[in-house]
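Taking it in order: structure first as structure tokens, then the write-up.
Fair warning: this is a prediction, and the values are worked out from it, not measured in the lab.
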Amino acid sequence: MPVMDEFREEREAIKQKSLKERLQYFVDYYKWHVIGGVALIAFVVSLIYSVATRKDWVFYGAFVNSYQTPAYDAFREDFAQRAGIDLNKYDVLFDSNMYITDNAYDQGNVDATERLGVYIAAGDVDVMASGPLVINRYAYNGMFRDLRQVLPPELQAPLESCYYYMDAAVAAQIEAAQESGALETMPVYPADPSDPSAMEDPIPVGLYIQDCPRIQETFVFQEEDVILGVLGNVTDTESVLQLIRMIYELEE
């Protein structure tokens, strides 16, 4: 029997069934089509909504090897208000979704390092916070600003005791070893980054923030010491200063 004749006979047979039987027929034969169609519509609507409501970042902090607590939203909103950022138009993010270790063969480590490198190269990262393992890696590759060129005099005095230093002389030795390929003679980082007297050419590139209540209540870091550094290509230093004032609870 031709297919069309079979279809007509089936349709006539369905017409003779009760409403309950017709509904059951529909469910049995068309439910996956309906589910698929609804799922597709939901995906399209979600995509359109995401594109339409997406906001550009105006401030990005890479908080590496940490996770957020429920106090995160209040922290973010407080900072945005202090910095004069309208969260209805723009976005602020303190990204705690990157984990970087000293295991070069760990895929998660590789992915996070590459992602952070792309953000830095694009000029998207304003500040970075993490433990000495991560901060040293980027500090000794010239990624952070000298805080003496960022902080105004009225902030330098109260924060000097919180400085995290790198030794520019050691950075030069590391660069020379990398260029020559003599990695077996790679110099080591200073034992105490808080002690500039033990360094040949100390530069303050970060601030210890692990004891600040706003940090303790908002983020949990994997390392005991937590350092905040300002990226070298930052142009909006006023927002950075507002963040530092908020963290240390300093008034303007």
>> Working to the nearest 0.5 angstrom, can you tell me the gap between Ile203 CD1 and Gln149 CD?
In response: 8.5 Å
>> I'd like to check Pro213 versus Glu249 (side-chain heavy atoms, cut-off strictly below 4.5 Å). Are they in contact?
In response: yes
> Can you find a heavy atom in the side chain of Tyr248 that is under 4.5 Å from one in the side chain of Leu155?
Replying inline: no
>> Suppose we screen for side chain to side chain donor-acceptor pair (under 3.5 Å). Which residues come up paired with Asn97, at least two apart in sequence or across chains?
In response: none
> CE of Met98 to OG1 of Thr113: how many Å apart, nearest 0.5 Å?
Replying inline: 9.5 Å
>> Holding to salt bridge (Lys or Arg N to Asp or Glu O under 4.0 Å), I want the full list of residues that pass it with Asp95, two or more places apart in sequence or in another chain.
In response: Arg115
> How far apart are the closest heavy atoms of Ile135 and Phe144, and which atoms are they?
Replying inline: O-CE1, 3.6 Å
> Are the side chains of Met246 and Phe75 in touch, meaning some heavy atoms are under 4.5 Å apart?
Replying inline: yes
> Between the side chain of Gln216 and the main-chain N/O of Gln210, is any donor-acceptor distance below 3.5 Å?
Replying inline: yes
> Can you tell me if Asp225 uses its side chain to pair, donor with acceptor, with the backbone of Gly131 under 3.5 Å?
Replying inline: no
>> Is it the case that the side chain of Asp201 and the backbone of Ala169 share a donor-acceptor pair, with hydrogens and angles ignored and the cut-off at 3.5 Å?
In response: no
> Within the distance-only criterion (no hydrogens, no angle test), does the side chain of Asn141 pair as donor or acceptor with the backbone N or O of Met143 below 3.5 angstrom?
Replying inline: no
>> Between Arg145 and Val240, does the side-chain contact (heavy atoms from CB on, under 4.5 Å) criterion hold? Intermediate values first, please.
In response: CA-CA 12 Å; Arg145 294 275 294 274; Val240 172; over 6 Å; no
>> Please check: side-chain N/O of Tyr99 versus main-chain N/O of Ser66, any donor-acceptor pairing under 3.5 Å?
In response: yes
>> Working to the nearest 0.5 angstrom, can you tell me the gap between Met166 CE and Ile227 CD1?
In response: 13.5 Å
>> With side-chain contact (heavy atoms from CB on, under 4.5 Å) as the criterion, how do Leu250 and Leu159 come out once you've worked through the C-alpha distance, each side chain's angles and the decisive distance to 0.1 Å?
In response: CA-CA 10 Å; Leu250 299 172; Leu159 294 178; 4.1 Å; yes
>> Does the plane of the ring in Tyr163 sit parallel, tilted or perpendicular to the ring in Tyr165? Use 30° and 60° as the thresholds.
In response: perpendicular
> With hydrophobic residues grouped by side-chain heavy-atom distances under 4.5 Å, do Val226 and Leu133 end up in a single group?
Replying inline: no
> Where is the tightest heavy-atom contact between Gly206 and Leu147, given as atom of each residue plus distance?
Replying inline: O-CD1, 3.4 Å
>> Under a 3.5 Å distance rule, please check whether Ser180 uses its side chain to pair with a backbone N or O of Ala177 as donor and acceptor.
In response: yes
>> Which heavy atom of Asn109 sits nearest to which heavy atom of Thr101, and what is that distance?
In response: OD1-N, 2.7 Å
> What's the shortest heavy-atom distance between Ile209 and Ala129, and which atoms?
Replying inline: CD1-CB, 4.3 Å
>> Looking at every heavy atom in both Met199 and Pro190, which two are closest together, and how far apart are they?
In response: CE-CB, 3.8 Å
>> Test of understanding: with salt bridge (Lys or Arg N to Asp or Glu O under 4.0 Å), list the residues that count as partners of Arg245, not counting sequence neighbours.
In response: Glu238
> Tyr164: what forms a ring pair (Phe, Tyr, Trp, His ring centres under 6.0 Å) with it, not counting sequence neighbours?
Replying inline: Tyr208
>> Return the CG to CG distance between Leu151 and Leu207, rounded to the nearest 0.5 Å.
In response: 6.0 Å
> Do Asp126 and Ser239 touch side chain to side chain, with heavy atoms closer than 4.5 Å?
Replying inline: no
> Does Glu217 have any salt bridge (Lys or Arg N to Asp or Glu O under 4.0 Å) partners at least two apart in sequence or in another chain, and if so, which?
Replying inline: Arg214
> Between atom OG1 of Thr237 and atom CD of Gln242, what is the distance when rounded to the nearest 0.5 Å?
Replying inline: 10.5 Å
> With a 4.5 Å limit on heavy-atom distance, are the side chains of Val64 and Tyr138 in contact?
Replying inline: no
>> I'd like to check the ring pair (Phe, Tyr, Trp, His ring centres under 6.0 Å) partners of Phe79; sequence neighbours left out, ordered by chain and number.
In response: Phe59, Phe94
> Measuring from Asp86:CG to Asp91:CG, what's the distance to the nearest 0.5 Å?
Replying inline: 11.5 Å
>> Given 3.5 Å as the limit, does a donor-acceptor pair link the side chain of Asn65 with the main chain of Ser130, or not?
In response: no
>> Run the side-chain contact (heavy atoms from CB on, under 4.5 Å) test on Val150 and Ile244 for me, step by step, so that the C-alpha distance in whole Å, both residues' side-chain angles and the decisive distance to 0.1 Å come before the verdict.
In response: CA-CA 11 Å; Val150 177; Ile244 292 172; 5.5 Å; no
>> Is it the case that over 12 heavy atoms from other parts of the model lie below 6.0 angstrom from the CD atom of Gln81?
In response: no
>> Show the nearest heavy-atom pair for residues Tyr140 and Asp167, with the distance to one decimal.
In response: OH-N, 2.9 Å
